[in-house]
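What follows is a set of notes on a single structure, which appears directly below.
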Amino acid sequence: MVSRLKYNILIIFIGIAANFALTFLVLLFKIPFLFMDSIGTILTAVILGPMCGAFVGIITNIITSVTIDYINLHFAIVNVLIGLMAGLIARKYDFTKISVSLISGVIIAVVSGVISTPISIVLANGVSTGTVDTYIKALINSGKSIVISTTIGTLSAAFIDKIVSCLLATIALKKVYFFRMNKEN
């Protein structure tokens, strides 16, 4: 029981740390169309279940809202939903399969993009601190409305980011024995 609890706490910590570190690196290196703020959420959800994934998501957004930009707090619901979706999908399907990972990435991208877009429009005039903001600003400057520009930019980035995040989580599950220990016990 104690070792199971320690394992779960460590996975949660790894998930939060991965989200924070990768978000920071994406912003530091200005990598376009990536957020990388939910790979730890997805990985934790797949290993420990939807509630733990949701917990990692909300804690990540609280930490990034304090350390990177307060706007991240408004997107906490998105990261919570990502954790819930990834965890529920992993309960029913084998997340170590690339096909499951790709389909999951698409589903998570659609839901997260649809929820993120109005948050971004209402609370940040269509842009936040993400690397996709340059693209959204270019669309706005080309004459497209803030709604169209933000929708195109957010959904484009969500598709790339969530598919990459799901694929990286699948690779981690396959290659890192420690992440499979929960399934084998």
Working for side-chain hydrogen bond (donor to acceptor under 3.5 Å, both in side chains), residues Thr64 and Asp37: CA-CA 9 Å; Thr64 57; Asp37 60 347; over 6 Å; no

Audit row: Val100, Lys92, side-chain contact (heavy atoms from CB on, under 4.5 Å) steps and yes/no: CA-CA 10 Å; Val100 170; Lys92 187 158 174 90; over 6 Å; no

From CA spacing to verdict: side-chain contact (heavy atoms from CB on, under 4.5 Å), Leu84, Met51: CA-CA 6 Å; Leu84 292 173; Met51 295 309 289; 4.0 Å; yes

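The CD1 atom of Ile77 lies 7.5 Å from the CD1 atom of Ile119; values are rounded to the nearest 0.5 Å. Rounded to the nearest 0.5 Å, atoms CD1 (Ile107) and CE (Met85) are 8.5 Å apart. Rounded to the nearest 0.5 Å, atoms CD1 (Ile136) and CD1 (Ile148) are 12.5 Å apart. Rounded to the nearest 0.5 Å, atoms OG (Ser112) and CG (Asp161) are 7.5 Å apart. Atom CG of Leu173 sits about 9.0 Å away from atom OG of Ser101, to the nearest 0.5 Å. Here CG of Leu27 is found 9.5 Å from CZ of Phe35. Values are rounded to the nearest 0.5 Å.
Here the side chain of Asp69 pairs no donor or acceptor atom with the backbone of Ser65 at under 3.5 angstrom. For the pair Thr170 (side chain) and Phe95 (backbone), a donor-acceptor distance under 3.5 Å is present. Side-chain atoms of Thr44 never come within 3.5 Å of backbone atoms of Gly53 as a donor-acceptor pair (strictly under, hydrogens ignored). Looking only at distances, no side-chain donor or acceptor of Asn19 sits under 3.5 Å from a matching main-chain atom of Ile16. Side chain of Thr151 to backbone of Val147: a donor-acceptor contact under 3.5 angstrom is found. Checked by atom type and distance alone, the side chain of Ser149 never pairs as donor or acceptor with a backbone atom of Ile146 at under 3.5 Å.
Placement of Ile59 and Phe13 in two distinct hydrophobic clusters is found when ILVMFWY residues are connected by side-chain heavy-atom separations under 4.5 Å, directly or transitively. Clustering ILVMFWY residues whenever any of their side-chain heavy atoms sit less than 4.5 angstrom apart, transitively, puts Leu73 in the very cluster that holds Val78. Following chains of ILVMFWY side-chain contacts shorter than 4.5 Å, one can reach Ile121 starting from Val132, so the two form part of one hydrophobic cluster. Placement of Ile163 and Leu168 in two distinct hydrophobic clusters is found when ILVMFWY residues are connected by side-chain heavy-atom separations under 4.5 Å, directly or transitively. The hydrophobic clustering, which links ILVMFWY residues whose side-chain heavy atoms are closer than 4.5 Å, places Tyr70 and Phe24 apart.
Ring-centre distance between Phe178 and Tyr7: below the 6.0 Å cut-off.
In this structure, Thr154 and Ser116 approach most closely via the heavy-atom pair CG2-CB, 3.8 Å. Taking every heavy atom of both residues into account, Gly105 and Lys162 meet most closely at O-CB, 3.6 Å. The shortest non-hydrogen separation linking Thr41 to Gly57 is OG1-CA, 3.6 Å. Nearest approach of Thr23 to Met36, heavy atoms of both residues: OG1-O, 3.5 Å. The minimum heavy-atom distance between Ala45 and Gly83, with the atom names listed, is CB-O, 3.2 Å. Here the shortest heavy-atom pairing between Val56 and Gly15 reads CG1-C, 3.8 Å.
Phe33 is not listed as a side-chain neighbour of Thr131, based on a closest heavy-atom distance of 4.5 Å or more. In this structure the side chain of Ser104 never reaches within 4.5 angstrom of the side chain of Tyr93, judged on heavy atoms. Within the 4.5 Å cutoff, the side chain of Ile12 has heavy atoms near those of the Cys52 side chain. Contact annotation: the side chain of Val46 never approaches that of Phe179 to less than 4.5 Å [non-hydrogen atoms, C-beta and beyond]. The closest side-chain heavy-atom distance from Leu102 to Val106 is not below 4.5 Å.
No side-chain donor from either of Ser38 and Asn79 sits under 3.5 Å from a side-chain acceptor of the other.
Enclosure of atom CZ in Phe20 by more than 12 non-hydrogen atoms of other residues, nucleotides or ligands within 6.0 angstrom is indicated.
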